[in-house]
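Reviewing the structure listed below.
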Amino acid sequence: MLVTLKQILGKAHRGHYAVGAFNVNNLEMIQAVMLAAEAEKSPAIMSTSEGAIHYAGMEELGALAHLAAKRSKLPITFHLDHGKNVELIKTAIKSGLYGSVMFDGSSLPYEENVATTKELVILAHKTNVSVEAELGAIAGIEDFVTVADRDAHLTDPKQAVDFVKRTGCDALAIAVGTKHGAYKFAGDSTLDYARIKKIASVVKIPLVLHGASGVPENVKKVCIQYGCDIEDAKGVSDASIRKSVSLGINKVNIDTDLRIAFDAGVRKFLHDNPKVIDPREILKPAVELIAKVVAQKMRLLGSSGKS
Ligand code: G3H
Ligand code: 13P
Ligand code: ZN
């Protein structure tokens, strides 16, 4: 069943759990997310980045996701992730395919971020599309040399209050020390928990954690065993995610972990089955592995059984 982001996150906000937003780029990723959601009886958010749209097409991905969601009784949102191109976001809103869009104006001057977010919120809300906005620079905590540097880049709670009030956005992505990709930390995985707690106490809409992949050891091991060079990859620990959710995060974005699982599944299968040339056979174990990873995230976030 297709629903808006606001519906899914409103329930998560009231119930103090989080829902995973999983990036999908093709049929197999969509199949894997749905397999996991059905197994866990969990709501799910299927995200398409601008890159995914460039790769596979907005209408193509939308059609696949809509079919899958409409056949299911679970609440599913089809979401535009990190929209930076305002024209593309407007196209997404008008397409009727998206339950939500994200406008990522985090690199813009503050007033410009406010103005564009507000303009998109007004447009999106006319057709019941939810809007996620972003404030602060999503960068690893180890990237900041001083406390002042960290304060200047991570989301400022006071500014977050002003931003939400002035834009009317439905969810807010905050910067608390995670970054995108497979290389997040050299040392321990630690986030600015005090900042999450403070923002959650003053901002009354659902908060979003980006760059939340964990780079699970068991999947990374298979990847490396079959030739992938990701020895130094390190993600956000499960404990850090659990703590972030307990402090007020309601949407957790995961892309890298699905990529690693896809990679591990394909590499292992091709190594073990050198005579197989049928893509359907080659991709099947990858779908199953991605589904396992997604299901584990649903349990970690507390969305299992919350459909
Ligand atoms: O946050 C970004 C996602 O990981 C999407 O990555 O732009 O390569 O599709 P992408
Ligand atoms: P990861 O790279 O940690 O999976 O983050 C994905 C993300 O934030 C998508 O918006
Ligand atoms: Zn992101």
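One-based numbering along the sequence shown. No hydrogens, no waters, no symmetry mates; every other heavy atom, side chains included, goes into these values. Start at 1 and go down the list; that is how both ligands and their atoms are numbered. Predicted model, so just to flag it, every value in this text is computed and none were measured.
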[X] [atom1] to [Y] [atom2] distance, which is reported to the nearest 0.5 Å:
X	Y	atom1	atom2	answer
Thr178	Ile241	OG1	CD1	8.0 Å
His16	Leu247	NE2	CG	12.0 Å
Ser307	Leu74	OG	CG	5.0 Å
Leu2	His66	CG	NE2	5.0 Å

Looking only at N/O atoms, are [X] and ligand 2 under 3.5 Å apart anywhere?
X	result
Lys179	no
Thr256	yes
Ile254	no

Task: Side-chain donor/acceptor of Thr155 to backbone N/O of Leu135, under 3.5 Å - done: yes
Task: N/O donor-acceptor pair under 3.5 Å between Lys220 side chain and Glu231 backbone - done: yes
Open item on the list: Which atom name would you report as the N, O or S atom of His210 nearest the Zn ion (ligand 3)?
Closed with: ND1
- [ ] Describe, in one word, how the ring planes of His153 and Phe144 are oriented to each other, choosing from parallel (under 30°), tilted (30 to 60°) and perpendicular (over 60°).
- [x] parallel
Open item on the list: Is the ring pair Tyr110/Phe163 parallel, tilted or perpendicular, if the boundaries are 30 and 60 degrees?
Closed with: tilted
For [atom], find the nearest protein heavy atom and state the residue, atom name and distance (0.1 Å precision).
atom	answer
atom 9 (O) of ligand 1	Ser49 OG, 2.6 Å
atom 9 (C) of ligand 2	Asp81 OD2, 3.2 Å
atom 10 (P) of ligand 1	Arg259 NH2, 3.4 Å
atom 7 (C) of ligand 2	His180 CD2, 3.3 Å

- [ ] Kindly indicate whether a cation-pi arrangement holds for Lys297 with Phe22, taking the cut-offs as under 6.0 Å to the six-membered ring centre and within 45° of the axis.
- [x] no
Open item on the list: Here's one to test your reading of the geometry: is the NZ or CZ of Lys243 within 45 degrees of the ring axis of Tyr193 and under 6.0 Å from its centre?
Closed with: yes
Open item on the list: Regarding ligand 1, does Asn23 bring an N or O atom to under 3.5 Å of one of the ligand's N or O atoms?
Closed with: no
Task: Nitrogen or oxygen atoms of Asn25 and ligand 1 under 3.5 Å apart - done: no
- [ ] From the options Ser213, Ser49, Ala182, select the one whose nearest heavy atom is closest to atom 4 (O) of ligand 2.
- [x] Ser213
Task: Contact atoms of ligand 1, heavy-atom distance to Asp255 under 4.0 Å - done: 3 (C), 4 (O), 5 (C), 6 (O)
- [ ] Just jot down the ligand 1 atoms closer than 4.0 angstrom to any heavy atom of His82, in number order.
- [x] 1 (O), 2 (C)
Open item on the list: Is Lys184 close enough to touch ligand 2? Criterion: a residue heavy atom under 4.0 Å from a ligand atom.
Closed with: yes
TODO: May I ask you to identify, for Thr178, whether its side chain, its backbone, both or neither come under 4.0 Å of ligand 2 on a heavy-atom basis?
DONE: neither
